[in-house]
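All ligand and atom numbering here is 1-based and tracks the order in the structure. Nothing here was measured: the structure is a model prediction, and the numbers come from that model.
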Amino acid sequence: MPLTIRMNSRDNVAIVANNGGLPAGTVLSTGQILTELVPQGHKVALTELKKDDAVLRYGVPIGYATQDIAAGSWVHERLLRMPQARTLDELPLATIRPDAAAPLEGFTFEGYRNPDGSVGTRNILAITQTVQCVAGVTAFAVQRIKTELLQQFPNVDDVVALEHSYGCGVAIDAPDAVVPIRTLRNISLNPNFGGEVMVVSLGCEKLQPERLLPPGAIPVIDQRHNKLGDAALDVVCLQDDAHVGFMSMVDAILRQARAHLQRLNARRRETVSASELVVGVQCGGSDAFSGVTANPAVGFCTDLLVRAGASVMFSETTEVRDGIALLTARASTPEVAQAMIREMAWFDAYLQRGGVDRSANTTPGNKKGGLSNIVEKAMGSIVKSGSAAITGVLAPGEKLKHKGLTFAATPASDFICGTLQVAAGMNLHVFTTGRGTPYGLAEVPVIKVAARSDLARRWHDLMDVNAGTIADGSATIEEVGWELFRLMLDVASGRRKTWAEHWKLHNALVLFNPAPVT
Ligand code: CA
């Protein structure tokens, strides 16, 4: 049966859902006859289009026809001229006030409560590093901690070295250096690390431990006064005169790690409200199905999370830039809308400095998967944000301050976006993909949602949820959204592991450093 999907009643194109595409001569249920083969995920013209006519998908122009296009033809990227990006002037500010949906009550998970009130979904010892120079020594020590120490502390899930490329050889006083520095600081304070911060430093690096984690950065419970106090910074410095030989450094890291492992091991999961979830959503390896199946299911789940009082972040600035008017209209206040515009303007200038614009986002795989340009990709990407009012905005590397739906400005790069969402305090990550990626993080569980059933079948031991059932007609967006919501509570509780956790697929932390290196 020929299967096509149209997203909006205004659309003059639909995408072909059938595996392998549809051959010339196929009669669609809407009456058109295909003039040529249209691959799966690609667009077919539902009406005759004249040169310069707007091609509408999601009810908006994703491009303009560069020539006349007959009904039933394949509308590929070479037949489309991309629209200009909307200017950031005169945008609607908080004009739509989405009705606050009924609160979703009674959902809980088993999490680790932290001294600062946040809740972890995993109990991990993270070893912070001030500079890349110490990465090899720290990795050596972590290997020994895993083989010699970890089995003595069965309640601790893992030991993770927070390796990164920053810390020296950088213009550390440049205004934009604030981004990588606060990112590293806030990663160390992620809820999954239980407030047990330990640092390995070289000694001579630009990013000194006190600059990375100044007094007051690490909250602990002051038992005597029963209030939040200030933990002393625990640093192993490799250039310290006391170290004679490599093993002295390694032993020092093991000794310090033992003290943190003891405290982490004493922690127990407790029942907490689903409102303690801090979920980062993103997509990668996208195709035309991402915006039809997986992202709408995530969007439905985002609405459930917001109704449950949880925190949800959507990101990927270049993938929301073309939907900015929809988002500023959905902001809860004009101030939130202005903050979103400020982040877009900053990123526009950043791209311009590099001689490109948002169109640099799309990949060969996106185009092969039917996404003609960034406008079409963006319309499918912002669906992940659901329909709730946007109540918060974060600049890159900042820590989340609000419950509800937040726009956390990040590049769309999977690893950089994930890294910045870890810094924002995410305790659960949801990742959608159409073409497939084995993405995973050591710091936070990653639930992967396949946009196509064919991908879910082939990658059956990498994908956690199959949203392709929506295109097949065997499940609804709502059903997959609820499946994802329930899976999140199981994964957050440690009752279920994601496939990326099962195989220990860990991508690197990749810092966003818009400042110069020296
Ligand atoms: Ca991405």
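Nearest to the Ca ion (ligand 1), among the N, O or S atoms that E316 has, is OE2. The Ca ion (ligand 1) sits nearest to atom OD1 when only the N, O or S atoms of D414 are considered.
None of the N, O or S atoms belonging to G284 lies under 3.0 Å away from the Ca ion (ligand 1). Backbone or side-chain N, O or S atoms of Q282 reach the Ca ion (ligand 1) at under 3.0 Å.
The shortest side-chain heavy-atom distance between L162 and F193 falls under the 4.5 Å cut-off.
Take the Ca ion (ligand 1) as the corner point: the lines to O of A412 and to O of C283 open at 160°, to the nearest 10 degrees.
Here the rule is side chain to side chain donor-acceptor pair (under 3.5 Å) with E316, and of R321, K377, K384 only K384 fits it.
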Are D490 and R486 close enough, and set up right, to give a salt bridge (charged side-chain N to carboxylate O under 4.0 Å, His left out), and what steps lead you there?
CA-CA 6 Å; D490 284 346; R486 294 202 169 89; over 6 Å; no
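A salt bridge links E276 with K403; the closest basic N to acidic carboxylate O contact falls under 4.0 Å.
The local environment of CZ in R495 is crowded, with over 12 non-hydrogen atoms from other residues, nucleotides or ligands closer than 6.0 Å.
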